[in-house]
Asker: 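Structure incoming, see below.
We use all heavy atoms of the structure for the numbers below, so side chains are in, but hydrogens, waters and symmetry mates are not. So that the names make sense, note that chain A is the first sequence line, chain B the second, and so on, each numbered from 1.
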Amino acid sequence: MTTTLTRPQANAAIESPEERRRRIRTGILALVLAALGVLLAVFTAPKTAKFGLSDQFAAAQLPDISLPALPVALALAAYALVLALTQLFRGVRGRWARLLWVGFALALVVTFLCWAAAGKTFPLTNQLQGTLNLATPLILGALAGVLCERAGVINVAIEGQFLSGAFAAAVVTSATGSFWAGAFAAILAGVLIAAMLAVFAIRYRVNQVVLGVVLVVFASGITGFLFDQFVKSDSQRYNNPGVLPNVPIPVLSAIPVIGQTFFAQTLLVYAMYVAVAVVTVVLFKTRWGLRVRSVGEHPRAADTVGINVLRVRYQAVLAGGIVAGLGGAFFTIGFTGSFDKDLTAGQGFIALAALIMGRWNPLGATVAALFFGFTQQLQGQLQILQTPIPGELLVMAPYLATVVAVAGAVGRVRPPKADGEPYEKG
Amino acid sequence: MSATRPAWARELVVSAAAVVLALAVGAVLIIVSNAEVLSTWTYFFSYPPDALSASWSAVADAYGALFSGAFGGWKQLAETLVQATPLICGGLGVSLAFRAGLFNIGAQGQLIIGALCAAWVGFTLHLPPGLHVLVALVAGVLGGALWGGIVGVLKARTGAHEVILTIMLNYVALYLLQWLLTTNAFQRPGRNDPISPVVDGSAQFPAIPGTRLHLGFLVALLAAGAVWWLLTRSTTGFQLRAVGANADAARTAGMSVGTAYTLAMLGAGALAGLAGVQQVLGTNAPLTDGIAGTVGFDSITVALLGRASPVGTVVAGLVFGALNAGGLQMQLQTQTPLTLTTVLQATIVLFIAAPALVRAVFRIRGEGAGAVLAKGWNA
């Protein structure tokens, strides 16, 4: 990642070989994607694609958005193609560049949707709702990773924190009948795994990637064992937590289309909103956040100015445990309403990917997590629409997209400098 | 324990102590999860012997079954070796990448692709006995190498991080397998569930009659020997280790870091692919979407337990194999869930990884290797 502060003119006139290679590489990548878009657009049926704005149960039915699929798809694919070519030959620069690329991604997505939904109705609100449901734990997990890794401790154990949080939330809520107790237990469980991560990484200086993997195995084993021994035999008593009720926020939930989706949610989703804001503000606007970032970038320098490196790292990792534990709780009391062995199914690793794609930035990680949620939900929706592409291949899309993004666009991501390096005072 | 003993002896003591600690953790789990035993603890202070004897017998029964299931006879011993075989191969794959400074979380995906290729050759081509095994084996190894190699090339050319690439390719491999199992080329005729045709007998590793122990175990040992030779005797191996130790220094010395990464991931993928070969040609499991089980992830723990050395990986693979084989017996005899062995495996590795903790608990003196392979994302 190069954060250059050069003036635009100078930038355009002189291009280093490195920048040139980068421009051409991303250009080719964009061209390939745009070509796919054009291909889809050409094969789009000349019918109307409808996008449903209210689900069937909504009190006030909104009209569907009807788009002529073929012309819209062609126009959007053409936009993507032009942008890709511009990037390849001249480079897309300037203050609008980022916006143009967001448009590029949106154009391709809508092209795809036009192709898939031509002559059918695509339930847009369903898509948004599902995206939010799938992304909520991912966002919380990725935020936990941000907190940890900004302080210099790699967190591959998010999956383990999810599992233990999900298990604790399900069992404690079932046993006590209180969602609050369940959420609290999930936080404790997440912090417990975080504490193991912290102690082994900070005190015993164990390799953190390996440690993370081992903690995932540990959490999977221990929740699986307790599930087998206790919960399975009496699931009515220990594994029947129910799902958190939706709490509509008065004014906001009345906004058409997005109101119900984003502001008539469970408390865990609101907790996610709060977490995004809090982590961002704390990390970049508070003294503690500055300390966290400094011990992750240059612990020796931080030590020199009197920051207790190890203490800050412990604090950050444990704070991450709180967030990840809540993310785990979402799987059971926020969504499915029961625990099953390994029910998080690798979502913790996806959260890790979101964290890296988001370049260790809370907002970036959130966007990446939303992207994963979107594609995961899209796959389910498209199976209903019966596109010619088999569902098993569509499930691959987010993972392939990540590979493409990481190899092509994001490239050499720069993690916090001291991420993964144990600190030894000396 | 005096500090003058050789390093390997000290490591052995720490490893053994770690196993003991892990078993202690497991014992606690067995006790607290057994309702009958737990009830004797409610009156512990009025009559302690009840609680102690009940706890002791619960733990002794479970661990007794675990031990006899792993080592109780020739058949059990053979099962331990069978269970260890894919773990050794996968563990070698992860170890090799480790030595070049790469975190290969992708053994799972490489294993799936290896199994896929080997199985396809096994049930589609019909070749004479000896040749068929060989072709299937090579196909599986090449498939795994390809899957690992993609990561190596992308890392070398674009600098993309191998952890994220390998994690993503694990999923791609899994879904690829799921899709292929719905196609005519891979689905068993007359079946609707995703299961492959039976692999020809001519493509299977011959087994010792009466046991499931097959030639694949020898292949795994040969692979370990090959990795040992590569790492300690060959120029390429030296370059891999140099890059792993300090990529900047290696680059300054004129080595191509990118080539080293690519080679390391090719080799790592090939070895993990071999683990997949073992799954389909060794124990003759049909190809399903659960073919990899948790072998790919266990390989990471095996590699760590073996400290990323070929000999260590073989030993670690045997330890895990014994736990797996014994765990099955334990579940059958004492209804202690198999998931307990997962906890034991994770705990063993956790303690091994933190020698200082083990020393503190057992008051073992002496220095010895500190944290193994401690490196960050940037390394």
Side-chain angles (χ1 to χ4, degrees), chain A residues 25 149 152 154 156 196 199-200 203-211 213-230 341 346 349-350 352-353 356-357 390-393 395-396 398-400 402-403 406-408 410-422, chain B residues 29 33-35 98 103 105 150 154-155 157-161 163-165 167-172 174-183 294 297-298 300-301 303-304 336-347 349-350 353-357 370-379:
Chain A
R25 201 174 66 218
E149 303 210 354
I154 293 176
V156 184
M196 291 175 75
V199 170
F200 281 97
R203 166 87 171 77
Y204 293 108
R205 302 197 283 273
V206 176
N207 176 300
Q208 292 164 12
V209 172
V210 175
L211 175 61
V213 174
V214 174
L215 284 177
V216 172
V217 177
F218 178 77
S220 158
I222 210 128
T223 54
F225 180 77
L226 295 175
F227 181 79
D228 282 339
Q229 284 288 72
F230 281 125
K341 269 196 273 183
F349 290 106
I350 306 294
L352 180 71
I356 297 179
M357 268 178 89
E392 288 86 355
L393 290 185
V395 207
M396 266 187 221
Y399 309 109
L400 277 178
T402 311
V403 170
V406 169
V410 182
R412 224 170 278 273
V413 288
R414 203 194 70 81
K417 194 102 198 272
D419 200 5
E421 282 167 23
Chain B
L29 276 176
S33 69
N34 188 320
F98 261 141
F103 298 112
I105 315 284
I150 293 173
L154 287 179
K155 164 106 183 163
R157 290 192 63 92
T158 71
H161 203 282
V163 167
I164 185 167
L165 289 178
I167 290 172
M168 293 303 128
L169 285 181
N170 283 347
Y171 289 100
V172 175
L174 178 64
Y175 293 125
L176 187 66
L177 173 64
Q178 282 185 0
W179 173 66
L180 285 174
L181 285 173
T182 64
T183 62
T294 58
F297 281 104
D298 293 347
I300 305 170
T301 26
L304 180 70
T336 311
L338 194 55
T339 30
L340 182 69
T341 59
T342 315
V343 178
L344 290 180
Q345 289 171 348
T347 329
V349 179
L350 211 51
L357 174 68
V372 263
L373 304 155
K375 269 185 167 186
W377 286 131
N378 295 302

Asker: Side chains of B:L350 and A:L211, heavy atoms from C-beta outward: is any pair under 4.5 Å?
Answerer: yes

Asker: Rounded to the nearest 0.5 Å, what separates atom CG in A:L400 from atom CG in B:L176?
Answerer: 9.5 Å

Asker: By a 4.5 Å heavy-atom criterion (distance strictly below it), what part of A:F200 contacts chain B: side chain, backbone, both, or neither?
Answerer: side chain

Asker: Looking at every heavy atom in both B:R157 and A:R25, which two are closest together, and how far apart are they?
Answerer: O-NH1, 4.1 Å

Asker: Under 4.5 Å between any side-chain heavy atoms of B:L338 and A:D228, yes or no?
Answerer: no

Asker: Distance check, rounded to the nearest 0.5 Å: B:I164 atom CD1 versus A:M357 atom CE?
Answerer: 7.0 Å

Asker: Can you say whether B:T294 sits under 4.5 Å from chain A via the side chain, the backbone, both, or neither, judging by heavy atoms?
Answerer: neither

Asker: Hey, does A:V213 have a side-chain heavy atom less than 4.5 Å from the side chain of B:F103?
Answerer: no

Asker: Who among A:V214, A:V217, A:V216 has the most heavy-atom pairs with chain B under 4.5 Å?
Answerer: A:V214

Asker: Go through B:T336, B:L180, B:V343 and name the one with the most non-hydrogen pairs under 4.5 angstrom from chain A.
Answerer: B:V343

Asker: Could you report the tightest heavy-atom contact between A:Y204 and B:A354, atom names first, then the distance?
Answerer: CB-CB, 3.7 Å

Asker: Side chain, backbone, both or neither: which part of B:L344 has a non-hydrogen atom closer than 4.5 Å to chain A?
Answerer: neither

Asker: Is it the side chain or the backbone of B:L154 that comes within 4.5 Å of chain A heavy atoms, both, or neither?
Answerer: side chain

Asker: Given that the side chain runs from C-beta out, which part of B:I167 has a heavy atom under 4.5 Å from chain A: side chain, backbone, both or neither?
Answerer: side chain

Asker: Could you look at B:L357 and say if it's the side chain, the backbone, both or neither that has a heavy atom under 4.5 Å from chain A?
Answerer: both

Asker: Would you say A:V209 and B:I105 make side-chain contact, with heavy atoms under 4.5 Å?
Answerer: yes

Asker: Any sub-3.5 Å donor-acceptor pair from B:Y175's side-chain atoms to A:Y399's backbone N or O?
Answerer: no

Asker: Between B:T339 and A:K341, is the side-chain contact (heavy atoms from CB on, under 4.5 Å) condition met? List the steps.
Answerer: CA-CA 10 Å; B:T339 30; A:K341 269 196 273 183; 4.2 Å; yes

